[in-house]
Amino acid sequence: SGIFFPNSGLYGGFTNDGNANNNNVYLNGGTVIGNIYGGYSTIGGNANNNNITISGNPTLTNTTLYGGFASTGTTTGNTLTLDGFQGSVQGLANFDRYNFLLLPSVVNGSTILTVANPTDISNAQIGVGLSGKTLALQSGDRITLINNPGGLTAIGISSSASGLQGVSLLYDFGLSTDANNLYATVNSIQVNPQTKAFSESKLASLAFINQGADLAVDQGMRYARIAA
């Protein structure tokens, strides 16, 4: 979804005078010619709190993803979510959070996103989530969340992240970087303590219904907590 200008790109929101905030772009296929912007403000405005979500298998090899673009304003609070997408983009810019939802096909050594242009993700929050009833990843396995042959700057990012597979298994990931990559290593896999507590009290179903926004329905839970 969004505003599409042929040969120019895809925009969640576009304005010539004012703010381009709180917009959403959802993309799950096709070939994009041009760049993708969560929000775009040409004069005198901000482009904050926008979201870009990519799933499926779109072709984005020549596309730069911008959380927001503002010629004179701010571009903060923008989020990129890769919902099972694995592929390549030209560049990344102006995101404060990156969410990676891993499909069961992801295995030890997999690469999720390759970026051509040098990229700075410093101080961004990193979320890692899991999808499906089974997952090939085991404790000790490492995947590459972002690979950038041109150079990746990642100062001040979190050192760990946790994500749920369904509502029962809790994966703890260690995050690390080198000059070209952002890695996630599976440190441990354990039964979600909250699930165990609910089961022991025989109120699991009721608890999941009452707390669904926190435990199951809310997409954010798939990326769970982020530890500094």
Side-chain angles (χ1 to χ4, degrees), residues 2 8-14 19-25 27 32 34-42 45-54 58-83 85-102 110-129 142-161 163 173-185 220 223 225-228:
S8 178
L10 180 63
Y11 302 77
F14 182 96
N19 296 322
N21 298 334
N22 305 306
N23 299 292
N24 297 287
V25 174
L27 182 68
V32 175
N35 300 322
I36 299 176
Y37 302 86
Y40 192 107
S41 174
T42 58
N46 304 316
N48 300 330
N49 303 316
N50 298 294
N51 300 282
I52 296 176
T53 300
I54 300 174
T59 300
L60 304 173
T61 307
N62 298 315
T63 297
T64 295
L65 308 178
Y66 291 86
F69 178 87
S71 59
T72 59
T74 60
T75 55
T76 62
N78 299 307
T79 299
L80 173 64
T81 297
L82 301 183
D83 190 352
F85 172 78
Q86 289 180 253
S88 301
V89 299
Q90 188 68 31
L92 297 173
N94 302 334
F95 293 101
D96 286 344
R97 182 177 176 90
Y98 296 85
N99 292 326
F100 299 86
L101 179 62
L102 310 179
S110 292
T111 297
I112 306 304
L113 183 67
T114 299
V115 185
N117 292 340
T119 302
D120 189 344
I121 62 168
S122 294
N123 301 310
Q125 291 184 312
I126 308 297
V128 183
R142 187 178 79 170
I143 62 173
T144 302
L145 299 177
I146 299 176
N147 168 255
N148 192 315
L152 180 70
T153 302
I155 300 169
I157 66 166
S158 305
S159 61
S160 63
F173 294 91
L175 302 177
S176 59
T177 62
D178 59 27
N180 301 100
N181 300 283
L182 169 64
Y183 301 108
T185 301
Y223 309 106
R225 69 182 189 277
I226 296 176

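Here, residue 1 is the first one in the sequence, and each next residue gets the next number. Values below: all heavy atoms of this structure, side chains included; hydrogens, waters and symmetry mates excluded.
Judged by distance alone, with hydrogens and angles left aside, the side-chain atoms of T114 form no donor-acceptor pair with the main-chain N or O of S88 at under 3.5 Å. Of the possible donor and acceptor atoms, none in the side chain of Q125 sits under 3.5 Å from a partner among the backbone N and O of D96.
A donor-acceptor pair shorter than 3.5 Å cannot be found between the side chains of D83 and T81. Side-chain N/O atoms of T119 and N148 include a donor and acceptor closer than 3.5 Å.
Considering every non-hydrogen atom in both N181 and L152, the closest pair reads C-CD2, 3.5 Å. Of all non-hydrogen atoms in Q86 and S110, the two that sit nearest each other are NE2-CB, 4.4 Å. Nearest heavy-atom pair across A70 and A47 is CB-N, 4.1 Å. Heavy atoms only, all atoms of each residue included: P118 and G150 are closest at CG-O, 3.6 Å. Nearest approach of V115 to P149, heavy atoms of both residues: O-CD, 3.5 Å.
Remark: L145 CG to L113 CG distance equals 9.5 Å, nearest 0.5 Å. Separating the CD1 atom in I157 from the OG1 atom in T177 is a distance of 5.5 Å, to the nearest 0.5 Å. A distance of 6.5 Å separates CG of N78 from CG of N49, quoted to the nearest 0.5 Å. Between F85 atom CZ and I112 atom CD1 the span is 10.0 Å, to the nearest 0.5 Å. Taking CG from N123 and OG from S158, the interatomic distance works out to 10.0 Å, rounded to the nearest 0.5 Å. Here F69 contributes atom CZ and S41 contributes atom OG; the two are 9.0 Å apart, rounded to the nearest 0.5 Å.
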Can you list the steps and then say if N23 with V25 is a side-chain contact (heavy atoms from CB on, under 4.5 Å)? CA-CA 7 Å; N23 299 292; V25 174; over 6 Å; no

Give the intermediate values and the outcome of side-chain contact (heavy atoms from CB on, under 4.5 Å) for residues T63 and L10. CA-CA 10 Å; T63 297; L10 180 63; over 6 Å; no

Check step by step if side-chain contact (heavy atoms from CB on, under 4.5 Å) holds for L65 and I54. CA-CA 11 Å; L65 308 178; I54 300 174; 3.8 Å; yes

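For N48, the side-chain contact (heavy atoms from CB on, under 4.5 Å) partners at least two apart in sequence or on another chain are N21, N46, T74, T76. The ring pair (Phe, Tyr, Trp, His ring centres under 6.0 Å) search around Y37 returns Y11, Y40, Y66, not counting sequence neighbours. Here N51 pairs with N24 under the side chain to side chain donor-acceptor pair (under 3.5 Å) rule; sequence neighbours left out.
When each of T64, N117, T61, N35 is checked for a side-chain hydrogen bond (donor to acceptor under 3.5 Å, both in side chains) with Q90, only N117 meets the rule. Screening L92, V128, T79, L82 against Y98 for a side-chain contact (heavy atoms from CB on, under 4.5 Å) leaves a single residue, L92. None of N50, I121, I52 except one satisfies the side-chain contact (heavy atoms from CB on, under 4.5 Å) rule with F95; the exception is I52.
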